[in-house]
S.K.: 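Supplied in C-alpha cells, the structure appears directly below.
By convention in this document, chain letters (A, B, ...) are assigned in the order of the sequence lines, proteins followed by strands, and residues within each chain are numbered from 1. The shown structure was predicted, so the numbers you read here are calculated from the model rather than taken from an experiment.
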Amino acid sequence: MQVNDNKEFQPLIVAFCCNWCSYAGADLSGTNRLNYPTNVKIIRVPCSCRVNPMFILRAFQKGADGVILCGCHPGDCHYTSGNYFTRRRMTLLFSMLDFLGIERDRTRVEWVSAAEGAKFAATMNEFTEAVKKLGPNRRLEDLRCRKQ
Amino acid sequence: MQEAIISKAKQLLADGTVNRVIGWKKGEFAYDITPAIFESAEEIDAEFVYDDFTSANVSKYLVKESKKEGKILAFLKPCDTYSLNQLTKEHRVNRDNIYVVGIPSDGKLDAEKIKAKGITGIIGVERNGDTLKINTIYGEETMPVSEAMSNKCLSCKSKKHVTYDELIGEDGEVIESDRFDMVEKLENMTSQERYDFWKNELSKCIRCNACRNVCPACTCENCVFDNPDSGIQNKAASDSFEENMFHIIRAFHVAGRCTDCGECSRVCPQNIPLHLLNRKFIKDINSLYGEYQAGEDTTSRAPLNDYTQDDCEASIVHERGVE
Amino acid sequence: MNNNLKEQVLRSSGVNVLKCMRCGKCSGTCPSYDEMEYHPHQFVYMVEKGDIETLMNSKSIYKCLTCFACVDRCPRNVEPAKVVEAVRLAAIRKQGNNHLIADSIPEMLDEDLPQQAIVTAFRKYTK
Amino acid sequence: MQRIGVFVCHCGTNIAATVDVKAVAEALSHESGVVISQEYQYMCSEAGQNLIKDSIKEYGLTGVVVCSCSPRMHENTFRKAAAAAGLNPYLVEIANIREQCSWIHKDIATATEKAIILGKAAIAKVHLNAPLTAGESPVAKRALVIGGGIAGIQTALDIAEAGFEVDIVEKEATIGGKMAQIDKTFPTLDCAACILTPKMVEASQNELITIHSYSEVSAVKGFVGNFTVTIKKKTRFVDETKCTGCGLCTEACPMKKVPNAFNLGLDNRSAIYIPFAQAVPKVATIDPNYCLKLKGGTVKEKVCGKCAAACTVGAINYHQQDEYIEQKYGAIIVATGFNPIKLDKYDEFAYNQCPDVVTSLELERLMNAAGPNGGTLLRPSDKTHPHKIVFVQCVGSRCDDSKGKPYCSKICCMYTAKHAMLIREKYPDTEVYVFYIDVRTPGKNFDEFYRRAVEQYNVHYIKGMVGKVTPKADGTIDVQASDLLSNEQLHIDADMVVLATAIEPDKTARPLATMLTTQMDTNDFFTEAHAKLRPVESATAGIFLSGACQGPKDIPETVAQASAAASKAIGLLVKNSITCNPCVAHSNELMCNGCSACEKVCPYGAITYQDKEFRMPDRTTAIRRVASVNPAVCQGCGACTVACPSGAMDLNGFSNSQIMAEVDAICK
C-alpha cells in the first residue's frame with residue numbers, strides 16, 4: 001500500500017503474467033501507449049500454471065491490496081494445458097478466500113492474449129479501480145510488513 | 001466386536017498371513033485410545049482395545065509400516081478405508097504389504113462432549129439403544145448417545161468399505177449426510193460475518209500441528225512448512241496472517257485428496273472446525289467439476305490434476321453466493 | 001461551426017461519426033435519396049465537421065423515413081439514421097417545440113406524407 | 001557475497017523521457033549486493049554491451065540486472081553479452097521499464113518510483129539465480145508442411161531443394177489449393193494453371209517430398225526439433241498406389257449429380273471423382289456422401305459397384321478404412337491458407353437469391369477454360385452472355401466487428417481490376433462498373449495495372465458503394481448504388497453482379513493452432529513471433545508460417561513468404577542438435593513423495609518415476625518412489641511445481657524462492 005500526498009489511497013497490485021500471451025499483451029499495451037496505473041507491478045512467469053497459491057498469499061501477506069493472474073486464453077496455452085489447471089486451482093483458491101471472508105474483488109484471473117494490449121490496459125484500469133474502492137487490504141495483511 | 005477382532009488378529013498372526021497387527025490400545029484414560037502395533041497374541045490379549053472411543057484412523061501409520069518387512073494387518077472402519085485407498089492411489093503405501101480387515105462402525109463417542117455435561121472421572125461406557133450409560137469413579141451417569149457422538153460421526157458419509165481383504169460383519173452403504181450444511185450456512189453469511197467467524201476460530205490456533213500430523217493426506221516426506229527453501233517455512237505462527245496462511249495452504253494441498261475423515265477437527269486441541277475448510281473444497285469440487293469422493297477408488301484423476309475445456313471461469317466466485 | 005450543437009447531436013444520437021470510412025453505402029441504400037438535399041453520407045460527414053445548422057435548416061431532415069436501411073447495412077456500424085433523427089430533434093428543440101400532441105396531428109397531415117413517417121415522428125416526439 | 005551490476009538504459013528518450021534514469025541508477029546502487037549501477041543511452045548498442053562486458057570483468061560481477069525494454073526484446077542480447085564476458089548467461093535479469101513503465105505512464109515521479117521497484121525486484125531475483133547450462137536435443141531432419149496450396153508447395157520445394165525430406169499434408173484430394181481454381185494472375189495476366197501445375201508436378205516427382213493428400217493432422221506432440229505428428233489419411237476408397245488416374249471410373253459412375261466443389265458448385269461431377277485434370281496426385285476419390293453403393297438406400301443401389309467394375313487395375317476398395325501414420329519432424333510449417341467468407345449476413349446483395357450474383361472466386365471458374373462453361377463467360381442462370389456487369393468491392397472487408405471482417409482483404413482491388421480488364425478484352429461489348437471505396441494498389445506494377453483498366457479498357461470505376469441488389473422479373477438485376485463524386489444515386493440494370501468477397505483463414509486453422517500451441521489473433525490469423533522482425537516464425541519454436549494463414553496475401557507475397565519460411569525451417573534442420581531451454585523443472589528426491597501428481601499435469605510426459613534406495617535419518621535404508629524429469633523433454637511450464645504438495649518440484653530460472661523474492665521486493 002502506498003499513500004501519496006493528496007492522501008488518496010493507492011493500492012498495490014501484483015500481476016502475474018504468463019510469458020507467452022499476457023506478458024506480451026502487457027508489452028503491446030506499452031507499445032501502443034495505452035495507459036494503466038503505476039500501481040500495477042508485473043511479475044513474469046513462464047505459464048499461468050506456474051503461479052502457486054503460496055505466491056498469491058505471500059503477496060497479500062507482504063501488503064499487496066490486489067493480485068491478478070493473467071494467462072493465455074483457454075485452448076491457447078503455449079504449453080497446451082497449463083491454463084486449464086490454473087483455472088481450476090484459482091477458482092478453488094479464490095472461492096476459499098471468499099469463504100474466509102476476504103473481499104472477492106481483490107483476486108482475479110483474466111485471459112489476455114498477446115494481441116490484446118488494449119484488453120490488458122483496460123483490465124488493469126478496471127481492476128485497480130475495483131481494489132481502490134475496497135480500500136487497503138486489512139483482512140489478509142501481515143501488519144509487521146506494512147510500509148510505514 | 002472387540003472379541004471378534006482380537007480373535008481374527010490372533011488367527012491371522014498364527015497362520016502367518018501377517019507378522020504384525022496395527023490396532024489400538026488404552027491411553028492414560030479410558031477414553032484416549034491410541035493406535036498401537038502388536039506382534040504377538042500375548043501383546044494383543046494384554047492391550048488390544050476396540051470400543052466406542054476408538055476413533056483414530058490408522059491408515060496414515062501404514063505409510064511407514066507397509067514399507068517394512070512382512071505383511072501387516074490393519075483393522076479399518078469404513079471411513080478409514082477411503083484414506084487407505086487414497087494413499088494407495090498416491091503410491092504412499094504398499095498395498096500388497098497390508099492385510100485389511102474391514103470392521104463396522106456405528107459411530108464413535110467424543111469424551112469432550114461427555115465431560116461438557118459435567119461428567120468426569122470416566123472409566124467406561126455402555127450403549128443401550130439411544131441411552132449411554134457412563135461409569136465414572138463417582139458412580140453411574142446416563143445421557144443420550146446422540147449427544148455424546150463425535151462430530152465426524154454425526155455427519156458420517158459412508159458405512160461402506162471401499163477396500164478390504166476380509167470383512168467382519170456386513171458391509172454398509174454410502175449414506176446421505178448433511179455434512180455440507182455448515183459450509184452452506186457460512187456461504188450464506190456476509191463476507192464480513194464470514195471473516196469474523198474465521199478470525200475468531202483461526203486466532204485460537206496454537207500451531208501445534210496436530211491437524212497436519214494426524215491427517216492421512218498430509219504424508220509429505222518434508223512438509224513445505226518445515227522446509228527452509230519453500231519461502232513459507234515457519235514453526236510457530238508469529239502473527240495472525242501466518243495462521244490463515246497455514247490453514248489455507250494446508251487445505252489447498254489436500255484439496256481433491258481429502259477424504260473428509262474428520263480427523264483434523266477431532267484432534268484439534270482448540271476445537272477449531274478445520275474440517276469446514278476441507279469440506280468447502282469438496283463442496284466446490286462437487287458442484288463445479290462433478291461429484292468426486294477422494295479415496296473411493298485408486299485410479300481416478302484428482303480434480304485438481306484434471307480439467308475439461310469448458311470448466312467454469314474463476315469469476316464464478318464473484319457471481320455466486322453472498323458478497 | 002457550432003460545437004455545442006455538434007456535441008448535442010453526437011450525444012443524443014450516440015453515434016461515433018469518426019467510424020465512417022466514407023464508402024457511401026448508406027446513400028446507396030437510401031430509398032428517400034432523391035428527395036433529399038443532403039444525403040445520409042453527407043449527414044454523417046457534416047456532423048463530423050460540425051456543420052449542423054445547415055442540416056437543421058434543410059428539408060432533408062424531414063425526408064428521412066427512419067427505415068433504418070442505412071443503419072442495417074453500414075459496414076462500420078455508424079448508424080446514419082440516428083444522426084438524422086438527432087438533427088431533427090435539435091431542430092425541434094430549437095423551435096422550443098419538442099412535443100407533438102396527438103390532437104394536433106390531423107391538421108399536420110398531408111397526403112404525400114408516408115404513414116411510417118407519421119408513426120415514427122409520433123413515437124419520437126411524444127416522449 | 002554477491003556482486004551485482006545494474007545497468008539502466010535510456011533507450012534514447014523512450015525511457016528517459018518519463019523515467020528519471022539517473023535517479024533509478026542511484027536508488028538501485030544502494031540495494032544489497034549491488035557494486036556498480038550505471039545508466040547509458042542505448043544499452044543494446046555495441047557500446048552499451050561493452051559497458052556491461054567491461055563491468056563484469058572489472059568488478060567480477062556475479063549477477064547483472066539490465067533495466068531496459070521487454071525481456072522478450074533483448075534478454076538474449078544481454079545474455080550473450082554476459083556470456084562473452086565469461087558470466088553465465090542465466091545470471092542476467094531484465095527489469096522491463098519501457099513497455100511496462102515509461103511507455104504507459106506519464107508522470108515522471110511515479111514512473112520513476114515504479115521503475116525503481118521493478119529494478120529492485122530484478123535484483124532480488126538475480127540474488128537467487130543459479131548458473132544454468134543448456135542441454136542439447138537432436139533435430140529430426142524432416143519437415144512437415146500443413147497445406148498444399150501454392151504456399152505449401154513452394155515451402156516444400158525449397159526445403160527439398162536444400163536436401164531435407166518434407167511431407168505435405170493436404171486435406172483435399174489434390175494439392176494446388178486456391179491458386180488451382182484461379183484463371184489468370186495479376187498484374188501479368190498469365191494463366192495460373194500454367195505456372196502452378198508444373199510446380200505441383202515438381203513436388204510430386206521430387207524424391208524428398210511425400211504428399212499426403214486427403215489427409216489431416218490429428219495430433220501433435222513434442223517440441224522444436226522433435227515433433228511427433230499423427231496424420232490421418234482419410235479413406236478415399238481407392239488404392240492410391242494402384243490408381244492410374246485414367247478416369248474410367250468417373251465415366252462409369254451413375255451418380256452424376258454431385259455439386260462440383262472444385263468449380264464451387266457451379267456444375268456437377270460424379271460421386272467418384274478426380275478434382276481436375278492436372279490434379280496431383282491424379283487419383284480418384286469416392287465421395288461417400290453421394291456414392292450409391294456406400295450410402296445407398298435401395299438394394300439396387302447397394303450393389304452398384306460400377307466403378308470397381310470399370311477399373312482395370314482393381315484400385316477400388318469399398319472397405320478401405322482411415323489410416324493413421326505417425327512421423328517425427330524437426331520443423332512444422334503451417335500453410336493452411338484462406339477461404340472467401342460466407343455471404344449469409346449480406347442479404348442486400350441478393351447472393352443467395354440470384355444465381356447471377358457471384359463471388360469473385362466463382363467468376364474465376366466461370367471464366368476458366370476448364371470451368372463449367374469451357375471458358376465462355378455466361379450467366380449461371382440462363383447461360384446467356386452478360387452485357388452489363390457490376391463489381392462490388394469490400395464485401396465483408398473493412399467492417400465493424402459486428403458486420404464482418406475488420407481488416408482489408410488486400411487482394412480484391414487487384415483481382416477486380418484483372419476481372420474487369422479480362423472481360424473488356426474478351427467481350428468489348430460488355431460494360432463493366434466497379435464500385436469502390438478506395439482502390440488500394442500498393443505493389444510493383446499494381447497501380448499501373450489498375451490505371452490500364454480505367455484508361456485503356458474503359459472500365460467505369462465509381463466511387464461509392466452498392467446499397468441494394470434486386471433481381472427483377474425480366475432476368476436483369478437492379479443495382480442501387482451511390483456515386484459519391486457526382487453526389488447522386490444510381491440504378492444500373494446489370495446482367496451480373498460480382499462480389500469481391502472478404503477472405504478469412506481456413507476453418508481448420510483454429511484447432512490446428514491449439515494442437516501446435518501457437519497463437520492466433522482475434523481474426524484467427526496466426527500470430528507471427530515479431531510483427532516486423534520475425535514475420536514468418538510463430539512464437540512457438542519450430543513452427544513457421546507460410547502464406548495467407550498469417551494474413552491476407554497475393555500470390556507473389558505468398559511465394560516470398562513461403563520461401564522465407566522454408567529458409568527459416570532449413571536453418572533449423574541443418575543443425576544436428578539444438579540448445580534446450582535450461583529453465584526446466586527438477587525434482588528434489590529427498591522431498592519427493594512419489595505421489596504422481598506432477599506426472600498427471602505434465603503435458604509432455606517428461607516425468608517418470610523410479611524406486612530408489614535412500615538412507616533414512618534413523619540410519620536405516622528405505623526404497624522410495626521418486627520423480628525425475630527428462631530435461632530434454634520438459635519445456636518449463638511449471639504446472640508440476642504447483643501440483644507437487646511437498647514442494648519437491650521446482651523450476652530453474654523461475655524457482656519458488658525467486659518468485660517469492662520478486663513478490664517481496666515489489667510489496668516491500
S.K.: B:F197, B:F281, B:Y195, B:F252: which one forms the most heavy-atom pairs within less than 4.5 Å of chain A?
M.R.: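 It is B:Y195.
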S.K.: Return the option, out of B:L277, B:L276, B:I316, with the maximum number of heavy-atom pairs under 4.5 Å with chain A.
M.R.: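 Sorted descending by pairs with chain A, the first entry is B:L277.
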S.K.: Salt bridge or not for B:D260 and B:K157, using N-O below 4.0 Å?
M.R.: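 Judged by the 4.0 Å cut-off on N to carboxylate O distance, B:D260 and B:K157 do not form a salt bridge.
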S.K.: For the interface with chain A, which of B:A255, B:S315, B:C312 has the highest count of heavy-atom pairs at distances below 4.5 Å?
M.R.: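 Of the candidates given, the most pairs with chain A belong to B:C312.
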S.K.: Under a 4.5 Å cutoff for heavy-atom pairs, which residue among B:I249, B:D306, B:D310 has the most contacts with chain A?
M.R.: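 The answer is B:D306.
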S.K.: Hey, are B:K113 and B:N151 close enough side-chain-wise for a donor-acceptor pair under 3.5 Å?
M.R.: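 There is such a pair (donor and acceptor under 3.5 Å, judged by atom type) between the side chains of B:N151 and B:K113.
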S.K.: Do B:K283 and B:E187 sit within salt-bridge range, that is, some charged N less than 4.0 Å from a carboxylate O?
M.R.: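 B:E187 and B:K283: salt-bridged.
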S.K.: Answer whether the closest heavy-atom distance between the side chains of A:C72 and A:C18 falls below 4.5 Å.
M.R.: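 Heavy-atom side-chain distance check passes, below 4.5 Å.
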S.K.: For a 4.5 angstrom cut-off between non-hydrogen side-chain atoms, does B:M189 reach B:L186?
M.R.: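 When only atoms from C-beta onward are counted, B:L186 and B:M189 do touch, with a gap below 4.5 Å.
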S.K.: So for atom NZ, which belongs to B:K64, do other residues, nucleotides or ligands contribute more than 12 heavy atoms lying within a distance under 6.0 Å?
M.R.: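 Counting other residues, nucleotides and ligands, NZ of B:K64 stays at 12 neighbours or fewer.
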S.K.: Can you say whether B:L304 sits under 4.5 Å from chain A via the side chain, the backbone, both, or neither, judging by heavy atoms?
M.R.: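 Both backbone and side chain.
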S.K.: Tell me if the NZ atom of B:K160 is crowded by more than 12 foreign heavy atoms within 6.0 Å.
M.R.: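 Incorrect, the count does not exceed 12.
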S.K.: Looking at A:L100, A:I102, A:V109, A:N52, which one has more heavy-atom pairs under 4.5 Å with chain B than the rest?
M.R.: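 Winner by heavy-atom pair count: A:L100.
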S.K.: Determine whether B:T259 and B:P216 make a side-chain contact, defined as any pair of heavy atoms from C-beta on separated by less than 4.5 Å.
M.R.: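 SC-SC contact between B:T259 and B:P216 ruled out.
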S.K.: Centre of A:Y79's six-membered ring, under 6.0 Å away, within 45 degrees of the axis: is that where NZ or CZ of A:R50 sits?
M.R.: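 Not satisfied by the 6.0 Å and 45° rule.
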S.K.: Which bit of B:D196 is near chain A, if near means a heavy-atom gap under 4.5 Å: side chain, backbone, both or neither?
M.R.: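 Neither part, no heavy atoms under 4.5 Å.
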S.K.: Between B:L202, B:D311, B:D284, B:L288, who has the most heavy-atom pairs with chain A when the cutoff is under 4.5 Å?
M.R.: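 It is B:D311.
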S.K.: Output the residues of residues 83-97 of chain A for which the shortest heavy-atom distance to chain B is under 4.5 Å, in residue-number order; output 'none' if no such residue exists.
M.R.: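 Residues in range: A:Y84, A:F85, A:R87, A:R88, A:R89, A:M90, A:T91, A:L92, A:L93, A:F94, A:S95, A:M96, A:L97.
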S.K.: I'd like to check the side-chain hydrogen bond (donor to acceptor under 3.5 Å, both in side chains) partners of A:D27; sequence neighbours left out, ordered by chain and number.
M.R.: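 D:S70, D:N96, D:Q100.
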